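Submitted below is the structure of interest, expressed as structure tokens.
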Amino acid sequence: MDEMEWIHRHPKAEDLRVGLISWAGTYLTFEACKNTVTATAKSLGRRQTWEILVSNEHETQAVVRLKSVQGLYLLCECDGTMCYGRPRTSHHGCFLLRFHRNSKWTLQCLISGRYLESNGKDVFCTSRVLSAYHMWTPRPALHVHVILYSPIHRCYARADPTMGRIWVDAAVPCLEECGFLLHFRDGCYHLETSTHHFLSHVDRLFSQPSSQTAFHMQVRPGGLVALCDGEGGMLYPQGTHLLLGLGCNPVRGEEWFILQHCPTWVRLRSKTRRFISVIYDDEVRAASERLTPMSLFQFECDSESPTVQLRSANGYYLAQRRHRAVMADGHPLESDTFFRMHWNCGRIILQSCRGRFLGIAPNGLLMANATLPGPNEEFGILFANRPFLVLRGRYGYVGSSSGHDLIQCNQDQPDRIHLLPCRQGIYHFQAQGGSFWSITSFGTFRPWGKFALNFCIELQGSNLLTVLAPNGFYLRADQSGTLLADSEDITKECIWEF
């Protein structure tokens, strides 16, 4: 079978949301209990997140509506006051969105012609004369662990730590080098590689963020972004090797990238500790103790369903075929490519749509034979493209705070959790300073433990997971802002985006 061309998936709707920052540095916020809109929040959370719905777009402007995560729309009333709800007419809630050279947006009410503005607290539409008070800075609201895809070159950005460069040459985003952390500080963005270096203005990686690693970001609805230095230079792939660097002459829109959440790639191991791999084009076996690119699978899972699809690096999906054999020749919508997943202490059990459980036959082939799962049907699962985790829950990111000695779960800026695999599905959590996570008798955590503890990770979606802590309870985001391990059941507060 010929290798299928890798098809780039369009970003999910939740990855296209943005926060809008006023001239005063505060975020456009819907106040659920008051049916009003303000601009008082200092950080980006659920109430500061908006989906941009485009009805007509041109190069420098678009007609849009702003939709909150609650499903209600930003509305401008006749007297210039702002609220949110359901549009009453075809133009009610429509704004003319203009993209400015300084990476700012303006939103002009389509009915009244007045601009959306804030005084640093209240939000209103009263003036038809454009000023700095009408400028809003868009901030992508997706998780900070991202990939960058060039639609012009049909490749992904890839960091090269040995040469200290970033290239736009990866056909498949299965390597950890394709993942970046997008830090937002003081109105600028810093792009951090998986080895904790930063893209700079001078075509080499820096070890620390600085003014030389700070970029402005132009944002368009649909996930398109462009990074610039604020002085006319744009980041785009250059030369025959597509080195990502600053320049002034991008052609055909080379400066635009699709920004989206870093996908999850995993490797599966049988009970004999052999990797599940695609060999001979589409045959799937537990054949080797050595990891190869064909041993990597993209984990695609809808959080609303307990089924998963495993996409191999050849572009095809694992699917059950004749004689119960599992082959790597499936297509996205085939029912035979969906497997129900069950978890057992960090090990995954896969059940085909026909009810049989996947296991390893005596000849090493992956088969859907068993009617009941046993040790042969349990697979170890480890991250293939994530040496660390960044966790985001209902109230913000997991991280440390100068005002608390306990790990918090409501931070605007996250901490990296370095993963040290000790058994399949079991990890040690290491803090950024090299110490380990420690747990108190109250189920809270500190980041300076001396001894490594076991944490069990179970995937609940393409980019969602739960963590079983050493005390036997699930990690939970508490509304107080403190990270806790005290939940016996998996609730919404136990689901972590990573």
Side-chain angles (χ1 to χ4, degrees), residues 10-24 26-32 34-41 44 46-142 217-225 256 258-259:
H10 191 72
K12 297 178 181 179
E14 56 264 30
D15 290 343
L16 301 178
R17 295 169 180 158
V18 299
L20 292 173
I21 308 172
S22 72
W23 62 271
T26 54
Y27 288 83
L28 184 69
T29 303
F30 67 88
E31 303 290 352
K34 302 175 184 176
N35 191 32
T36 59
V37 180
T38 65
T40 56
L44 179 60
R46 287 175 57 83
R47 293 188 296 113
Q48 293 77 40
T49 300
W50 301 88
E51 185 177 351
I52 310 298
L53 302 178
V54 180
S55 59
N56 194 358
E57 184 173 4
H58 299 284
E59 287 189 4
T60 60
Q61 62 186 37
V63 176
V64 302
R65 277 192 167 105
L66 274 65
K67 184 180 178 182
S68 73
V69 295
Q70 285 190 335
L72 300 175
Y73 295 84
L74 180 69
L75 303 175
C76 178
E77 302 298 11
C78 297
D79 60 357
T81 59
M82 304 302 299
C83 64
Y84 66 94
R86 305 283 182 189
R88 295 189 294 272
T89 66
S90 60
H91 288 90
H92 191 210
C94 286
F95 295 86
L96 182 62
L97 167 61
R98 286 193 177 92
F99 314 116
H100 296 267
R101 291 180 179 270
N102 60 358
S103 304
K104 309 287 187 184
W105 287 2
T106 53
L107 290 154
Q108 186 179 21
C109 177
L110 213 58
I111 296 175
S112 68
R114 297 185 175 96
Y115 290 96
L116 183 72
E117 65 177 297
S118 168
N119 59 9
K121 180 182 178 182
D122 298 316
V123 180
F124 40 86
C125 271
T126 57
S127 175
R128 290 188 177 94
V129 180
L130 187 63
S131 72
Y133 296 104
H134 303 119
M135 296 290 176
W136 297 85
T137 301
R139 177 185 174 184
L142 81 170
M217 180 183 286
Q218 295 184 16
V219 180
R220 298 290 185 271
L224 282 174
V225 301
W256 293 103
I258 295 177
L259 182 73

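Remember, it's a predicted structure, so these values are computed and weren't measured experimentally.
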| task | Say whether, by atom type as modelled, one donor and one acceptor occur between the side chain of Thr26 and the main chain of Ala39 under 3.5 angstrom. | result |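 Judged by distance alone, yes, a pair lies under 3.5 Å.
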
| said: As an exercise, state the distance from CD of Gln61 to NE2 of His100, rounded to the nearest 0.5 Å. | reply: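 It comes to 10.0 Å.
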
| request: Please examine the side chains of Val123 and Leu116, heavy atoms only from C-beta on, and report whether any two atoms are closer than 4.5 Å. | output: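 Yes; the side chains approach each other to less than 4.5 Å.
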
| request: Say whether Thr40 and Lys121, considering side chains only, have a donor N or O and an acceptor N or O under 3.5 Å apart. | output: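 No, no side-chain donor-acceptor pair sits under 3.5 Å.
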
| said: To check you understand the geometry: which heavy-atom pair defines the closest contact between Gly93 and Arg65, and what is its length? | reply: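 Taking every non-hydrogen atom into account, O-CG, 3.2 Å.
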
| field | Heavy-atom closest pair, residues Trp105 and Val18 | value |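 Residues Trp105 and Val18, closest heavy atoms: CZ3-CG2, 4.3 Å.
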
| field | Gap separating the SG atom of Cys83 from the CG atom of Asn35, nearest 0.5 angstrom | value |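 Answer rounded to 0.5 Å: 5.5 Å.
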
| task | Assess the side chains of Gln108 and Arg98: does a donor N or O sit below 3.5 Å from an acceptor N or O? | result |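 The answer is yes; a qualifying pair exists.
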
| When rounded to the nearest 0.5 angstrom, what distance separates CE in Met82 from CD in Glu117? |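 One gets 11.0 Å once the value is rounded to the nearest 0.5 Å.
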
| said: Show the nearest heavy-atom pair for residues Cys125 and Phe95, with the distance to one decimal. | reply: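 Distance-wise, the nearest heavy atoms are SG-CE2, 4.3 Å.
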
| request: Could you tell me which non-hydrogen atom of Pro138 sits nearest to which non-hydrogen atom of Ser103, and how far apart they are? | output: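 Shortest heavy-atom separation between Pro138 and Ser103 comes out as CD-O, 3.5 Å.
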
| Could you walk me through whether Thr38 and Glu31 pass the side chain to side chain donor-acceptor pair (under 3.5 Å) check? | CA-CA 7 Å; Thr38 65; Glu31 303 290 352; 2.8 Å; yes

| field | Sequence neighbours excluded, every pair satisfying side chain to side chain donor-acceptor pair (under 3.5 Å) that has a member inside residues 69-95 | value |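 Listed once each, the pairs are Glu77-Arg88, Asp79-Thr81.
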
| task | Answer yes or no: is there a side-chain heavy-atom contact under 4.5 Å between Leu97 and Pro221? | result |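 With C-beta onward as the side chain, the pair touches.
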
| field | Student check: side-chain heavy atoms of Asn119 and Phe124 closer than 4.5 Å | value |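 A side-chain contact exists here, since the closest heavy-atom pair is under 4.5 Å.
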
| message | Any donor-acceptor pair under 3.5 Å linking the side-chain atoms of Arg139 with those of Tyr27? | response |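 Looking only at side-chain atoms, Arg139 and Tyr27 do form a donor-acceptor pair, the distance falling under 3.5 Å.
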
| Between the side chains of Thr29 and Gln48, does any donor sit under 3.5 Å from an acceptor? |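 The criterion, which ignores hydrogens and geometry beyond distance, is satisfied for Gln48 and Thr29.
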
| query | Under 6.0 Å from the six-membered ring centre of Phe99 and within 45° of its axis: does the NZ or CZ of Arg220 meet both? | reply |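 Cation-pi check for Arg220 and Phe99: passes.
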
| query | From Leu75 CG over to Cys94 SG, what is the distance, rounded to the nearest 0.5 angstrom? | reply |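 Nearest 0.5 Å value for the CG-SG distance: 10.0 Å.
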
| What pair of heavy atoms forms the shortest contact from Leu44 to Pro140, and how long is it? |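 Heavy-atom minimum between the residues: CD2-O, 4.1 Å.
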
| message | Within the structure provided, determine whether Tyr115 and Cys109 are in side-chain contact (heavy-atom separation under 4.5 Å). | response |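 SC-SC contact between Tyr115 and Cys109 ruled out.
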
| field | Ile258, Leu142, Leu224 screened by side-chain contact (heavy atoms from CB on, under 4.5 Å) with Pro11, the one that passes | value |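 Only one option passes, and that is Ile258.
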
| request: Compare every heavy atom of Ala62 with every heavy atom of Val54, then report the nearest pair and how far apart it is. | output: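 Reported closest heavy-atom pair: CG1-CB, 4.2 Å.
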
| Do the side chains of Lys67 and Leu72 get nearer than 4.5 Å, heavy atoms only? |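 Side-chain contact under 4.5 Å: no.
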
| Between CZ of Phe30 and CZ of Arg47, what distance do you get to the nearest 0.5 Å? |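 So the CZ of Phe30 and the CZ of Arg47 are separated by 7.0 Å.
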
| message | Do Asp15 and Leu259 have side chains that approach each other closer than 4.5 Å (heavy atoms only, starting at C-beta)? | response |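 No - every pair of side-chain heavy atoms lies 4.5 Å or more apart.
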
| said: For the OH atom on Tyr133, are there more than 12 heavy atoms of other groups (residues, nucleotides or ligands in this structure) within a distance under 6.0 Å? | reply: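 Incorrect, the count does not exceed 12.
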
| query | Does any non-hydrogen side-chain atom of Ser68 lie less than 4.5 Å from one of Thr49? | reply |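 With C-beta onward as the side chain, the pair stays apart.
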
| message | Is the shortest side-chain heavy-atom distance between Leu28 and Trp136 below 4.5 Å? | response |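 They are in contact (side-chain heavy atoms under 4.5 Å apart), so the answer is yes.
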
| query | Is there a donor-acceptor pair under 3.5 Å between the side chain of Trp23 and the backbone N or O of Thr137? | reply |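 Checking the backbone N and O of Thr137 against the side chain of Trp23, no donor-acceptor pair under 3.5 Å is found.
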
| message | Rounded to the nearest 0.5 Å, what separates atom OG in Ser118 from atom NE2 in His134? | response |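 With rounding to 0.5 Å, OG (Ser118) is 10.5 Å from NE2 (His134).
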
